[in-house]
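Quick notes on the structure that follows.
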Amino acid sequence: MPEHSTTVRDVAALKVARVGRVEKSDDPLRPFRLLDADGTEVAAVSEFLHHMLADDASPTTLRSHASELLAWVRSLRAVDVPWYVASRAEARDFALWLKTTKKPPRQRRPDAPAPGSVNPVTGKAALGENSAARTRRHARAVIRSFYEYHRETHGRPLINPFPQGGAADEGSPNAHHNPRCSRSGSHRAEAPASPGSPSRPRESFLTRRSTTCSPG
């Protein structure tokens, strides 16, 4: 779909098949691979994960990023759009699909609380049938970092379908509008911190981020 297309897909009617998978391997330099519907390794994702591994990403982080990218690849397959020409229209539809589609059913205990119900003692809500907002934000951040890696490393694709600074995104929402500001650093999307965890992630020579702005 062209970047400025006026066509609006019926997201509710999208048939996103649960094809492809994230495969664990015994290779310490390639611990996870994303395989498409035909069982073919998605080379662009493997390269991205390899970069993250060099950045000391944990196996849990690598699997998480691969799983988010698998969902993205599945959604693009449903609309017959290759990853390298995906536009913001596909990103919008993916975000809406995540927001409105129920998660695959999981086996639950007979005494488990109903999805989305609130515990009267702790006040915490049980996991709902749809992806939580923080989960959707993390998915967008992962895919954004994947595209930024390829844009900075290979100079393509020209467009990142998930630009930094969306209304629901965290961080500095207007930094990308300032032509005098530049960013450099990691392509790792940090998962939301859990209670009690350090607020500041460990940094390395690949994970440090900087923002520099020349005086106005």
Side-chain angles (χ1 to χ4, degrees), residues 1-25 32-49 52 60-108 114-116 125-151 156-164 166-169 187 189 191-192:
M1 179 180 293
E3 181 70 14
H4 300 292
S5 171
T6 57
T7 302
V8 177
R9 295 189 185 97
D10 183 358
V11 175
L14 283 180
K15 303 297 183 183
V16 180
R18 294 181 60 80
V19 294
R21 66 187 187 276
V22 174
E23 181 180 80
K24 189 178 186 303
S25 76
F32 295 99
R33 301 189 305 160
L34 195 161
L35 306 181
D36 64 14
D38 301 322
T40 303
E41 181 176 357
V42 181
V45 173
S46 294
E47 180 184 337
F48 175 61
L49 296 178
M52 290 183 59
T60 300
T61 297
L62 292 173
R63 179 189 287 274
S64 170
H65 280 53
S67 296
E68 301 290 13
L69 289 166
L70 174 60
W72 173 239
V73 169
R74 285 172 171 171
S75 73
L76 292 178
R77 182 177 183 273
V79 295
D80 196 25
V81 173
W83 74 268
Y84 48 85
V85 296
S87 71
R88 292 175 187 175
E90 281 73 53
R92 174 201 63 205
D93 294 344
F94 174 73
L96 292 173
W97 175 75
L98 277 183
K99 188 173 185 176
T100 57
T101 301
K102 292 184 179 181
K103 295 180 291 186
R106 300 174 59 184
Q107 187 173 6
R108 302 170 63 243
L127 294 177
E129 294 182 331
N130 297 64
S131 298
R134 58 183 271 168
T135 301
R136 301 194 302 269
R137 286 196 295 269
H138 182 250
R140 294 195 300 268
V142 167
I143 303 168
R144 179 188 306 121
S145 64
F146 165 75
Y147 278 91
E148 280 307 300
Y149 165 75
H150 283 282
R151 279 162 49 86
R156 60 184 186 278
L158 297 178
I159 294 174
N160 188 330
F162 294 84
Q164 179 68 41
D169 290 328
H187 300 285

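Because only heavy atoms are used, hydrogens play no part in the values below, and waters and symmetry mates are left out as well, while side chains stay in.
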TODO: Compare all side-chain heavy atoms of P157 with those of H150 and state whether any distance is below 4.5 angstrom.
DONE: yes
Task: Taking every non-hydrogen atom, the tightest pair across L35 and L70 - done: O-CD1, 4.4 Å
Task: Those residues that, when tested against R63, pass side-chain hydrogen bond (donor to acceptor under 3.5 Å, both in side chains) (two or more places apart) - done: none
TODO: Can you see which heavy atom on P161 is nearest to which on A86, and at what distance?
DONE: CG-O, 3.5 Å
Task: F146 and its ring-ring contact (aromatic ring centres under 6.0 Å, His included) partner, picked from W83, Y84, F162 - done: W83
Open item on the list: Looking at every non-hydrogen atom in both residues, tell me the closest pair between N160 and R88 and how far apart they are.
Closed with: O-NE, 3.7 Å
TODO: Using side-chain hydrogen bond (donor to acceptor under 3.5 Å, both in side chains) as the criterion, list what pairs up with W97, not counting sequence neighbours.
DONE: T101
Task: side chain to side chain contact (heavy atoms under 4.5 Å, CB included) partners of K99, counting only residues at least two apart - done: R136
Open item on the list: Going by side chain to side chain donor-acceptor pair (under 3.5 Å), name the pairs with one or both residues in residues 67-80, residues two or more places apart or in two chains.
Closed with: E68-H138, W72-Y147
TODO: Determine the minimum heavy-atom distance between L34 and A66, stating which atoms define it.
DONE: CD1-O, 3.5 Å
- [ ] Carefully, step by step, assess F94 and I143 under the rule side-chain contact (heavy atoms from CB on, under 4.5 Å).
- [x] CA-CA 11 Å; F94 174 73; I143 303 168; 3.5 Å; yes
Could you pull out all donor-acceptor pairs under 3.5 Å where a side-chain atom in residues 40-48 meets a protein atom, sequence neighbours excluded?
from: E41; atom 1: OE1; to: R30; atom 2: NH2; distance (Å): 2.6
from: E41; atom 1: OE1; to: R33; atom 2: NH1; distance (Å): 3.2
from: E41; atom 1: OE2; to: R30; atom 2: NH2; distance (Å): 2.2
from: E41; atom 1: OE2; to: S46; atom 2: OG; distance (Å): 2.4
from: S46; atom 1: OG; to: V42; atom 2: O; distance (Å): 3.4
from: E47; atom 1: OE1; to: H154; atom 2: NE2; distance (Å): 3.4
from: E47; atom 1: OE2; to: Y149; atom 2: OH; distance (Å): 2.7
from: E47; atom 1: OE2; to: H154; atom 2: NE2; distance (Å): 2.7

- [ ] Verify the distance criterion only: is there a donor paired with an acceptor across the side chains of S87 and E90 at less than 3.5 Å?
- [x] yes
Open item on the list: Distance check, rounded to the nearest 0.5 Å: L98 atom CG versus D93 atom CG?
Closed with: 11.5 Å
Open item on the list: Any side-chain to backbone donor/acceptor pair from S64 onto T60? Under 3.5 Å, distance only.
Closed with: no
Open item on the list: Once rounded to the nearest 0.5 Å, what's the spacing between atom OG of S145 and atom NE2 of H65?
Closed with: 4.5 Å
Task: Side-chain donor/acceptor of R151 to backbone N/O of L158, under 3.5 Å - done: yes
Task: Minimum-distance pair of heavy atoms, taken over all atoms of L62 and L49 - done: CD2-O, 3.6 Å
